[in-house]
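One structure below.
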Amino acid sequence: MTRSLDQRFSVPFFYPVRFTTRLFDPANPVFRDAVTGQTGSPPKLLVVIDEGVQRAWPALEDDLTRYCQLHGLNLVAALSVPGGEQAKQDPAHVAAVQQAIDDYGIDRHSFVVALGGGAVIDMVGYAAATAHRGVRLIRLPSTVLGQNDSAVGVKNSVNAHGKKNWLGTFAPPFAVLNDLELLTTLGDRDWLGGLSEAIKVALLKDAAFFDYLEAHASALRSRDLAAMDHAVYRCAELHLAHIAGGDPFEQGSSRPLDFGHWAAHKLEALTHYELRHGEAVAIGIALDSTYAHLSGLLTEGDWQRILNLFTALGLPIFHPRLLEGLDDAPQPGSLLSGLNEFREHLGGRLTITLLSAIGTGHDVHEMNLDLVRESVRRLEQLALSPTPGA
């Protein structure tokens, strides 16, 4: 069964977001329908594939080629790129995609198709958005984090100057096609890590969804596909609702969907991306929730529920790099320098989203550094205890 989210939102720039399975089964029309309907000859398709997806699905490229042949689609090339954060770290990967766009004559009536995890989606999107001032992009995310968060938004980016997402664009995709079956071959870290983004939007916007994640934590950790299907769909739905009703191109200073991310982005860089993005977000949310509790915004009961859910899902709430340089905020190796980097990245006044309750966000414009330090040390103690969050 194919489901669609885009029909629920009446925004001029909006794009199809489809949920399906076995995308390149010849009987499935979803991919064909996304790229047809144009006048004249079939548009060219340049497909960029995450090497990790190729390893997990060795027949995928043949299936794609056969699908395109049967449906009369003009597949001109399939290009492989490394998966994971390394795709965003090395400018050579952006250059390789742009070179292929040039070599194969991909124009603004053609399509670049990005098939892979969130980092590959980001990198390919940036390459496409900066070629010909914007080539049409179709995203085929292959991870939980890609399907429930990064691929359904309007951002593209790569890392530069030692900072996460320093180069990037706002460029809505032409379509997003989520294939549930691709999630079945993920390792546990990628299966679970993407759930941190589901917890994030639940904490900000939907207490009932948080209840669902709590009630199904064991099923999700045990890789129950039906539970994950709902978690991905509802997270993407909440994400799209925010984009449609808020500030999609981030002209203001408030970024509620970046809850937990000031620390997460800094921590990823401090660990040289040993931490996956979802794992870093889990720690960032745990930190900001602890800060909210210690500052009197969040009740102890809600705070404990948040930490207990991360623990139940096998997600981290602490990393030793949080402690390094903690008493020297200005030095680049300190977590606390991430606050100013976050302000510079978003522009305008520092705005950090915290929680006043599960399901309710609360913006603040300054952070007490001593209280941040206390929050880090509280998480260290909890991570070392037998029952973190209790």
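The backbone N or O of Ala87 lies less than 3.5 Å from no partner atom in the side chain of His93, so there is not a single donor-acceptor pair. Between the side chain of Thr311 and the main chain of Leu307, a donor-acceptor pair closer than 3.5 Å is present. Looking only at distances, a side-chain donor or acceptor of Tyr67 sits under 3.5 Å from a matching main-chain atom of Arg32. With hydrogens and angles disregarded, no donor-acceptor distance shorter than 3.5 Å links the side chain of His293 to the backbone of Trp303. Proximity of a side-chain donor or acceptor of Trp191 to a complementary backbone N or O of Thr143 within less than 3.5 Å is not detected. Although no hydrogens or angles enter the test, the distance criterion places a donor-acceptor pair under 3.5 Å between the side chain of His216 and the main chain of Tyr212. No side-chain donor-acceptor contact under 3.5 Å links Arg139 to the backbone of Ala114. Using modelled atom types, one side-chain atom of Ser337 and one backbone atom of Ser334 make a donor-acceptor pair closer than 3.5 Å. Not one N or O on the side chain of Tyr291 forms a donor-acceptor pair closer than 3.5 Å with the backbone of Glu374.
Ile283 pairs in a side-chain contact (heavy atoms from CB on, under 4.5 Å) with only one of the listed residues (Asp288, Leu322, Leu315), which is Leu322. Arg373 pairs with exactly one of Leu323, Leu326, Asn368 by the side-chain contact (heavy atoms from CB on, under 4.5 Å) rule, that one being Leu326.
Ion pairing of Arg276 with Glu268 is absent here, as no side-chain N (NZ or NE/NH1/NH2) approaches a carboxylate O to less than 4.0 Å. A salt bridge does not link Arg223 to Asp229: none of the charged side-chain nitrogens sits closer than 4.0 Å to a carboxylate oxygen. Classification of Glu324 and Arg321 as a salt-bridged pair holds, one side-chain N sitting under 4.0 Å from a carboxylate O. A salt bridge links Arg234 with Asp206: the closest approach of a Lys/Arg side-chain nitrogen to an acidic carboxylate oxygen falls below 4.0 angstrom. Contact check on Lys200 versus Asp149 returns a salt bridge, with a Lys/Arg side-chain nitrogen under 4.0 Å from an Asp/Glu carboxylate oxygen.
In this structure, Asp302 CG and Leu355 CG are separated by 8.5 Å, a value rounded to the nearest 0.5 Å. Note that CG of Leu192 and CZ of Phe310 are 12.0 Å apart. Values are rounded to the nearest 0.5 Å. Within the model, atoms CG of Leu137 and CZ of Phe111 stand 10.0 Å from one another, a figure rounded to the nearest 0.5 Å. Here the straight-line distance linking atom CG of Asn159 with atom CG of Asp90 works out to 11.0 Å at 0.5 Å rounding. Rounding to the nearest 0.5 angstrom, the gap separating the CG atom in Leu203 from the CG atom in Leu298 is 9.0 Å. With rounding to the nearest 0.5 Å, the separation of CG in Leu267 from NE2 in His319 is 6.5 Å.
Considering every non-hydrogen atom in both Val152 and Ile243, the closest pair reads O-CD1, 3.9 Å. Summarising the geometry of Gly72 relative to Pro42, their closest heavy-atom pair is O-CG, 3.5 Å, with the distance given to 0.1 Å. Of all the heavy atoms in Ser196 and Ile285, the pair that sits closest is O-CD1, 3.7 Å. The minimum heavy-atom distance linking Ala202 with Leu213 is given by the pair CB-CD1, 4.2 Å. Pairing each heavy atom of Gly117 with each of Asp50, the nearest pair is N-OD2, 3.1 Å. Shortest non-hydrogen contact noted between Arg55 and Pro58 is O-CD, 3.7 Å.
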Quick one: do Leu115 and Val48 satisfy side-chain contact (heavy atoms from CB on, under 4.5 Å)? Show the steps, please.
CA-CA 6 Å; Leu115 199 173; Val48 184; over 6 Å; no
Does the pair Ser110 and Arg136 meet the rule for a side-chain contact (heavy atoms from CB on, under 4.5 Å), with working shown?
CA-CA 7 Å; Ser110 306; Arg136 291 185 297 193; over 6 Å; no
Apply side-chain contact (heavy atoms from CB on, under 4.5 Å) to the pair Ser157 and Leu167, showing each step before the final yes or no.
CA-CA 5 Å; Ser157 62; Leu167 291 172; over 6 Å; no
Using side-chain contact (heavy atoms from CB on, under 4.5 Å), reason through Glu85 and Lys164 one step at a time and then give a plain yes or no.
CA-CA 10 Å; Glu85 202 66 23; Lys164 177 93 169 178; 3.0 Å; yes
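In terms of hydrophobic clustering, with Ile, Leu, Val, Met, Phe, Trp and Tyr side chains grouped at heavy-atom distances under 4.5 Å, Phe31 and Leu46 are assigned to different clusters. Trp262 and Tyr273 fall into different hydrophobic clusters, defined by Ile, Leu, Val, Met, Phe, Trp and Tyr side-chain heavy atoms under 4.5 Å apart, directly or through other members. Note on Leu140: it clusters hydrophobically with Leu60, by side-chain heavy-atom contacts below 4.5 Å among ILVMFWY residues. Note: the hydrophobic cluster containing Ile358 also contains Ile352 (ILVMFWY, side chain heavy atoms under 4.5 Å, direct or indirect links). Note on Leu79 and Ile101: same hydrophobic cluster, where clusters join Ile, Leu, Val, Met, Phe, Trp and Tyr whose side-chain heavy atoms are under 4.5 Å apart, directly or indirectly.
The aromatic rings of His261 and His265 sit perpendicular, their planes meeting at an angle over 60°, well past the 30° parallel limit.
Side chains of Arg305 and Asn308: no donor on one and acceptor on the other come within 3.5 Å. Side chains of Glu197 and His277: a donor-acceptor N/O pair is present below 3.5 angstrom, by distance only. Thr169 and Lys155 are not linked by any side-chain donor-acceptor pair at a separation below 3.5 angstrom, with hydrogens and angles left out of the test. Between the side chains of Ser150 and Asp122, not a single donor N or O lies within less than 3.5 Å of an accepting N or O. Side chains of Glu300 and Gln304: a donor-acceptor N/O pair is present below 3.5 angstrom, by distance only. Side-chain atoms of Lys88 and Asn165 form a donor-acceptor pair, as typed in the model, at a separation below 3.5 Å. A side-chain N or O of Gln98 and one of Thr130 form a donor-acceptor pair less than 3.5 Å apart. Residues Thr351 and Asp363 bring no donor and acceptor atom of their side chains to less than 3.5 Å of each other.
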Output side-chain donor-acceptor pairs under 3.5 Å for residues 170-186, partner residues at least two apart or in another chain, one line each.
{"from": "Asn178", "atom 1": "ND2", "to": "Gln147", "atom 2": "O", "distance (Å)": "3.2"}
{"from": "Asp179", "atom 1": "OD1", "to": "Arg22", "atom 2": "N", "distance (Å)": "3.1"}
{"from": "Asp179", "atom 1": "OD1", "to": "Glu181", "atom 2": "N", "distance (Å)": "3.0"}
{"from": "Asp179", "atom 1": "OD2", "to": "Arg22", "atom 2": "N", "distance (Å)": "3.4"}
{"from": "Asp179", "atom 1": "OD2", "to": "Leu23", "atom 2": "N", "distance (Å)": "2.9"}
{"from": "Thr184", "atom 1": "OG1", "to": "Glu181", "atom 2": "O", "distance (Å)": "2.7"}
{"from": "Thr185", "atom 1": "OG1", "to": "Trp57", "atom 2": "NE1", "distance (Å)": "3.1"}

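At least one side-chain heavy atom of Val232 sits less than 4.5 Å from a side-chain heavy atom of Phe19. Two residues are said to be in side-chain contact when any heavy atoms from C-beta on lie closer than 4.5 Å; Ile199 and Val281 fail this criterion. Contact check for His109 versus Asp107: side-chain heavy atoms found under the 4.5 Å cut-off. Contact of the Ile49 side chain with the Val81 side chain is not registered, since no non-hydrogen atoms from C-beta on lie closer than 4.5 Å. Inter-residue side-chain proximity for Asn74 and Leu45 is flagged as unmet; no heavy-atom pair is nearer than 4.5 Å. Under the 4.5 Å side-chain criterion, counting only non-hydrogen atoms from C-beta, Cys68 is not in contact with Phe24.
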